[in-house]
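Okay, structure first, notes after.
Chain naming here is simple, since letters A, B, ... match the order of the sequence lines and numbering starts at 1 in each. Keep in mind the model is a prediction, meaning the values are calculated, not measured.
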Number of protein chains: 2
Amino acid sequence: MGRTSDTRENLINSAIELIGTRSYNAVGVQELCEHAGVKKGSFYHFFPSKRDLTLEALDLIWRKFKEETLDPVFDSNVSTLDKFEMLLRLSYEHQSDMKDCTGRMTGCGFGNLALELSTQDEEIRKKIEIIFCEWTKYMEIVIVQAVKEGVLPPETDPAATSQAMVAYIEGMTLLGKTFNDPCMLKRLGEGVLQLCISRKDTAEAHSAG
Amino acid sequence: MGRTSDTRENLINSAIELIGTRSYNAVGVQELCEHAGVKKGSFYHFFPSKRDLTLEALDLIWRKFKEETLDPVFDSNVSTLDKFEMLLRLSYEHQSDMKDCTGRMTGCGFGNLALELSTQDEEIRKKIEIIFCEWTKYMEIVIVQAVKEGVLPPETDPAATSQAMVAYIEGMTLLGKTFNDPCMLKRLGEGVLQLCISRKDTAEAHSAG
DNA sequence: GTATAATTTTACCAACTGGTCAACTAAAGG
DNA sequence: CCTTTAGTTGACCAGTTGGTAAAATTATAC
């Protein structure tokens, strides 16, 4: 009953595009509305505030990231460790496309908002914390699998290792955005697997060298 | 000749404190002035724009970071690889202090501004790019030294490795800020050294395990 | 075909944005 | 002591900020 519209979705997509390529505070409600072809009154009909729109936008990009990247990678039947390479390749391609069509490497939507808003908006901070946790779990499953297969040594700490990998990927992306150069992701990406080997191996490698 | 004042320095320090704990766009010229105990007219007597203030603030925190952290670490006479541990310890302590006194882990001033402004302000982006390059050079020197001492294998690629370490440190810090938990730096910090060992070692460790 | 519920529009708000300018004041140098 | 130079002040600007409220419009289910 009553009428329907896609104003809500339009606004969320505008938020993803505009806030994603600039920043939360650099984009106003007005611009969001203009981009979505909507009047400000409609905005506040659907969202109590810009913050709430952003929260929903975060939900959507996380869902999309899972559907378009994480799931395809982890459901694919390449060898366990190759999954990390595949994830990195997809990330590179995405950032590369971004640069081709906007002139800018936009980086990671989660990392971007995390650094801008973590100290100012507890709800947004918490949501991104949860997203990073879920992402880490994805990685952890692969690592556990790799240990089971004997590809990684049994002393491997899957929780610590997967978190280190998420950290490294975010750091790579931060540097890539700063240099506005997706190639950075290619170069740095080659280092991820090193985070997999346990500390014991590290010590061995050192004494062996 | 003419009179002197510390208004300029006050404004730069206010920028470091306010923008450092919140974000560039979340802090206005007005608030900057109030915090520095200065009228807006004075602001524009010293700085053509808020952007220019920020550029100078970046210069200062980079200089301070070198003087208070990088130089002490790299001039100290601990073993080469222990220098990385020392750097991480100092970073942890700094973020821990921040959390104790503001309730928030503020993260890295360079990373914060890089993600917020890289797509919007080319001059600020470029400045942070240069800072990251210089920081990487610092790390590279230690790695070259470690290779010379035989602590790291001769196949080590110092440029790639040092850049990977900077990326990893930025990623750690991003995650730490997101979780608002300095302990994250302690846990993740233990993984840095793994980025030192060359790809060849990684392969060996895998086949050995 | 009309009642009803959902959506859209318009006009509005006070507070604040980054930035300007001319008048004013204080100190250092000669 | 008085000129010069540097620093300070407050009033002002146009545009924008996030957000509100009520009237007007539309589609749908009955």
I need the [atom1]-[atom2] distance between [X] and [N], as an integer number of Å.
X     : N      : atom1 : atom2 : value
A/D6  : D/dA27 : CG    : C1'   : 14 Å
B/E34 : D/dG10 : CD    : C1'   : 14 Å
B/R8  : D/dT8  : CZ    : C1'   : 16 Å
B/L32 : C/dG19 : CG    : C1'   : 14 Å
A/L18 : D/dG18 : CG    : P     : 12 Å
A/E31 : D/dG18 : CD    : C1'   : 14 Å
B/F47 : C/dG19 : CZ    : C1'   : 15 Å

### Query
So A/R63 and A/E67, salt bridge (Lys or Arg N to Asp or Glu O under 4.0 Å) or not? Walk me through it.
CA-CA 6 Å; A/R63 227 186 58 213; A/E67 288 173 6; 3.7 Å; yes
What's the closest nucleotide to the [X] side chain, out of [options]?
X     : options                : value
A/H45 : D/dT20, C/dT8, C/dT20  : C/dT8
A/S42 : D/dT20, C/dG19, C/dT8  : C/dT8
A/T7  : C/dT8, D/dT8, C/dT10   : C/dT8
A/K50 : C/dG18, D/dT9, D/dG18  : D/dG18
B/R3  : C/dG19, D/dG19, C/dA27 : C/dA27
B/K39 : C/dT7, D/dG10, C/dT9   : D/dG10
B/S5  : C/dT17, D/dG7, D/dG18  : D/dG7
B/F46 : D/dG19, D/dT8, C/dG18  : D/dT8

#### Entry: Ion pair check, B/K137 and B/E134, cut-off under 4.0 Å
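Between B/E134 and B/K137 there is no salt bridge, as every charged N stays at least 4.0 Å from the carboxylate O atoms.
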### Query
Distance check: side-chain N/O of B/Y44 vs OP1/OP2 of C/dG19, anything under 4.0 Å?
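It does, given that an N or O in the side chain of B/Y44 lies less than 4.0 Å from OP1 or OP2 of C/dG19.
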### Query
Just to confirm, is there a sub-4.0 Å distance from OP1 or OP2 of C/dG18 to any side-chain nitrogen or oxygen of B/Q30?
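False: B/Q30 side-chain N/O out of range (4.0 Å or more) of C/dG18 OP1/OP2.
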### Task
Find which nucleotide of DNA chain D each of A/V29 and B/F43 is nearest to by heavy atoms, and output the residue with the more 5' nucleotide.
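It is B/F43, whose closest nucleotide lies nearer the 5' terminus.
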### Message
Here's a test of your reading of the structure: between A/V27 and A/G41, which maps to the more 5' nucleotide of DNA chain D?
### Response
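Residue closer to the 5' terminus by nearest nucleotide: A/V27.
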### Message
Using a 3.5 Å distance criterion without hydrogens, assess whether the side chain of A/T69 forms a donor-acceptor pair with backbone atoms of A/K66.
### Response
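No, the answer is negative, given that no donor and acceptor are paired below the 3.5 Å cut-off.
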### Query
With a 3.5 Å cut-off and just heavy-atom distances, do the side chain of B/K40 and the base of D/dG10 make a donor-acceptor pair?
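Side chain to base: no pair below 3.5 Å.
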### Message
Is the positively charged end of B/K50 above the ring of B/Y24, judged by distance under 6.0 angstrom from the centroid and angle within 45° of the axis?
### Response
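Here B/K50 passes the 6.0 Å and 45° test against B/Y24.
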### Message
Students often get this wrong, so: under 4.0 angstrom with heavy atoms, is B/G28 touching a base, only sugar-phosphate, or nothing?
### Response
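Sugar-phosphate, backbone atoms only, no base.
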### Task
Over 60° means perpendicular and under 30° means parallel, so classify the ring planes of A/Y138 and A/W62, tilted if in between.
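Ring orientation, 0 to 90° scale: perpendicular.
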### Query
Aromatic rings B/Y168 and A/Y168: how do their planes relate, parallel, tilted or perpendicular, breaks at 30° and 60°?
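Rings of B/Y168 and A/Y168: tilted, as their planes differ by 30° to 60°.
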